[in-house]
Amino acid sequence: MTVIVPEPVLEGSNNSQDVENYVKEQENDGDLSLDGGFVVPDSNAFGHSFRDYEKEGERKATVEDFYRTNHINQTYELAKRKKEEYGKLDKTVMSIWECIELLNEYVDESDPDLDEPQIQHLLQSAEAIRRDYPDEDWLHLTALIHDLGKVLLHPSFGEQPQWCVVGDTFPLGCAFDESIVHHQYFKNNPDYNNPLFRTRLGIYKENCGLDNVTMSWGHDEYMYLVMKGNGTSLPPAAFFIVRFHSFYPLHRAGAYTYLMNDEDKDMLKWLHVFNKYDLYTKSKVRVDVEEVKPYYMSLIKKYFPEKLRW
Ligand SMILES: O[C@H]1[C@H](O)[C@@H](O)[C@H](O)[C@@H](O)[C@H]1O
Ligand SMILES: [Fe+2]
Ligand SMILES: [Fe+2]
């Protein structure tokens with residue numbers, strides 16, 4: 001089967017040398033075992049290309065308004081504070097499946113490609129990855145849980161606003177790359193004019209490793225903290241996927257590669273695999289929850305404790 005993988009978008013990155021190296025590495029990385037045979041559809045449920053943030057349509061205004069608020073409010077200080085607060089995992093105790101069911105009531109305002117409840121997105125991506133990688137059960141479960149951090153929208157988490165939970169993520173403490181969606185709205189972010197944060201590296205060192213980078217706060221980092229704090233037996237690649245799946249400026253546009261260390265570079269291939277299923281399985285075709293539930297319950301049992309602290 002032919003796999004059509006989208007070309008990385010290269011315009012607007014801060015350092016063209018890094019981007020060139022990045023592309024070379026991708027081209028040399030011809031590991032066929034990572035090719036699951038997934039065929040990328042031409043258009044989304046609204047008949048547009050995926051991730052077209054400029055296209056006029058029913059979701060454009062909502063999504064743009066989301067990014068305006070997100071870009072103004074996501075500061076280095078805020079991200080540090082939220083990580084500290086939510087890292088305590090003292091808000092509630094529940095199972096993975098209970099959390100999945102809570103997501104039934106939320107639609108993601110940052111998403112131009114989907115207006116279905118989030119539980120459908122989780123099952124759509126998990127079922128597709130299960131078809132193409134039948135033996136990698138950890139990957140099926142990773143897809144199922146990757147967006148569970150969106151539970152921050154729920155009243156038991158203080159009903160966090162969408163700008164503080166969803167959307168693409170980006171590093172804080174260094175310059176905002178132009179490849180970030182609706183980059184223009186950063187002008188009103190207090191960090192934008194902070195001399196410490198304005199440069200390519202900002203407060204970071206070359207190749208310091210993504211683990212040392214403060215990302216904008218949202219569902220990725222939160223779910224990573226939940227996994228870490230509750231002792232799952234999922235492999236390191238699952239942690240990396242969950243933590244950085246919204247970091248499109250890196251995995252799609254090739255920006256900020258100079259913050260990665262060797263371990264990150266190695267892990268990046270899993271993000272590329274996962275991203276196809278995360279993005280291109282968004283559709284109006286619903287998965288029957290009750291039908292697939294027993295399979296996923298068995299995976300949850302294998303990799304997670306029965307109750308988790310959130
Ligand atoms: O709109 C989407 C959505 O919020 C996803 O869950 C997130 O991972 C993406 O990066 C974002 O663009
Ligand atoms: Fe996500
Ligand atoms: Fe997702």
Side-chain angles (χ1 to χ4, degrees), residues 6 9 38 44-46 48-55 57-71 74 99-100 102-104 106-130 139-153 160-171 177 179-183 185 215-227 238-253 255-256 270-283 287:
V9 182
F38 184 76
N44 67 12
F46 306 96
H48 307 156
S49 328
F50 283 86
R51 289 180 61 84
D52 186 341
Y53 292 87
E54 299 305 329
K55 184 88 184 167
E58 52 189 282
R59 296 206 45 79
K60 183 172 189 285
T62 310
V63 173
E64 184 160 349
D65 200 51
F66 163 86
Y67 273 110
R68 193 178 49 78
T69 325
N70 172 279
H71 290 357
Q74 287 278 353
C99 183
I100 290 174
L102 286 184
L103 289 186
N104 208 357
Y106 297 109
V107 171
D108 184 329
E109 290 173 8
S110 72
D111 200 333
D113 303 311
L114 188 73
D115 59 1
E116 292 291 314
Q118 283 297 306
I119 188 171
Q120 280 300 319
H121 167 57
L122 296 176
L123 292 171
Q124 286 170 341
S125 50
E127 282 291 280
I129 217 161
R130 178 182 171 194
L139 202 51
H140 315 165
L141 184 58
T142 303
L144 184 78
I145 63 162
H146 78 279
D147 273 339
L148 286 190
K150 291 180 186 175
V151 75
L152 290 172
L153 296 167
Q160 292 295 292
Q162 293 246 351
W163 65 260
C164 207
V165 178
V166 300
D168 288 1
T169 57
F170 41 84
D177 190 84
S179 64
I180 302 169
V181 170
H182 290 306
H183 175 270
Y185 294 120
M215 298 294 293
S216 54
W217 173 253
H219 66 287
D220 298 49
E221 183 72 18
Y222 176 59
M223 191 57 201
Y224 163 78
L225 293 172
V226 170
M227 290 166 75
F239 282 81
F240 193 84
I241 289 172
V242 169
R243 195 177 194 186
F244 299 112
H245 74 271
S246 304
F247 193 4
Y248 276 79
L250 175 91
H251 66 69
R252 173 62 79 96
Y256 299 107
W270 286 110
L271 260 191
H272 287 142
V273 169
F274 174 77
N275 180 247
K276 283 187 280 176
Y277 297 88
D278 186 14
L279 179 56
Y280 299 110
T281 60
K282 291 174 180 172
S283 93
V287 176

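As the structure lists them, so they are numbered: ligands from 1, and atoms in each ligand from 1.
- Counting only distance, with no hydrogens or angles, the side chain of His48 and the backbone of Pro112 share no donor-acceptor pair below 3.5 Å.
- Within ligand 1, counting atoms from 1 as listed, the ones closer than 4.0 Å to a heavy atom of Tyr248 are 10 (O).
- Phe274 and His146 have their aromatic ring centers within a separation under 6.0 angstrom.
- Of all the atoms in ligand 1, the ones that sit under 4.0 Å from a non-hydrogen atom of His219 are 6 (O), 7 (C), 8 (O).
- Of all atoms in ligand 1, numbered sequentially from 1 with element shown, those under 4.0 Å from a heavy atom of His245 are 8 (O).
- Between Tyr277 and Phe38, the distance from one ring center to the other falls under 6.0 angstrom.
- Distance alone, capped at 3.5 Å, is enough to place a donor-acceptor pair between the Gln74 side chain and the Trp217 backbone.
- Within the listing of ligand 1, atoms 1 (O) sit less than 4.0 angstrom from a heavy atom of Asp111.
- At a 3.5 angstrom cut-off on N or O pairs, Lys150 counts as close to ligand 1.
- At distances below 3.5 Å, at least one donor-acceptor pair connects side-chain atoms of His245 with backbone N or O atoms of Val242.
- Heavy-atom contacts of Asp168 reach the following atoms of ligand 1: 9 (C), 10 (O), 11 (C), 12 (O) (cutoff under 4.0 Å).
- Looking at Asp168 and Arg51, a side-chain N of the basic residue comes within less than 4.0 Å of a carboxylate O on the acidic one, giving a salt bridge.
- Of the N or O atoms in Asp278, none lie within a sub-3.5 Å distance of an N or O in ligand 1.
- Using a non-hydrogen distance threshold of 4.0 Å, Phe244 does not register as a contact of ligand 1.
- The backbone N or O of Val287 lies less than 3.5 Å from a partner atom in the side chain of Gln120, making a donor-acceptor pair.
- With respect to Arg68 and Glu64, no salt bridge is recorded, no charged nitrogen being found less than 4.0 Å from a carboxylate O.
- Defined by atom type and a distance below 3.5 Å, a donor-acceptor pair is missing between the side-chain atoms of Asp113 and Tyr280.
- Close N/O approach between Val166 and ligand 1 is not found [any backbone or side-chain N/O within under 3.5 Å].
- Residue, atom and distance of the protein heavy atom nearest to atom 7 (C) of ligand 1 are Ser246 OG, 3.2 Å.
- Using modelled atom types, one finds a donor on one side chain and an acceptor on the other under 3.5 Å when comparing Asp278 with His121.
- Here Asp147 has side-chain heavy atoms under 4.0 Å from ligand 1, and that is the only part of it that gets that close.
- Asp177 contributes no side-chain N or O that, together with a main-chain N or O of Ile180, makes up a donor-acceptor pair within less than 3.5 Å.
- Contact atoms of ligand 1 toward Tyr67: 12 (O) (distance under 4.0 Å to a heavy atom of the residue).
- Polar contact check, Ser110 against ligand 1: a nitrogen or oxygen pair lies under 3.5 Å apart.
- Every atom of ligand 1 is numbered from 1 in the order shown, and the set under 4.0 Å from a heavy atom of Arg51 is 12 (O).
- The side chain of Asp108, and not its backbone, has at least one atom closer than 4.0 Å to an atom of ligand 1 (non-hydrogen atoms only; side chain from C-beta on).
- A donor-acceptor contact closer than 3.5 angstrom links the side chains of His219 and Asp147.
- Excluding water, every protein N/O/S atom under 2.8 Å from the Fe ion (ligand 3) is given here by residue and atom: His121 NE2, His146 NE2, Asp147 OD2, Asp278 OD1.
- Checked for salt-bridge contact, Lys282 and Asp111 meet the test: a charged N lies under 4.0 Å from a carboxylate O.
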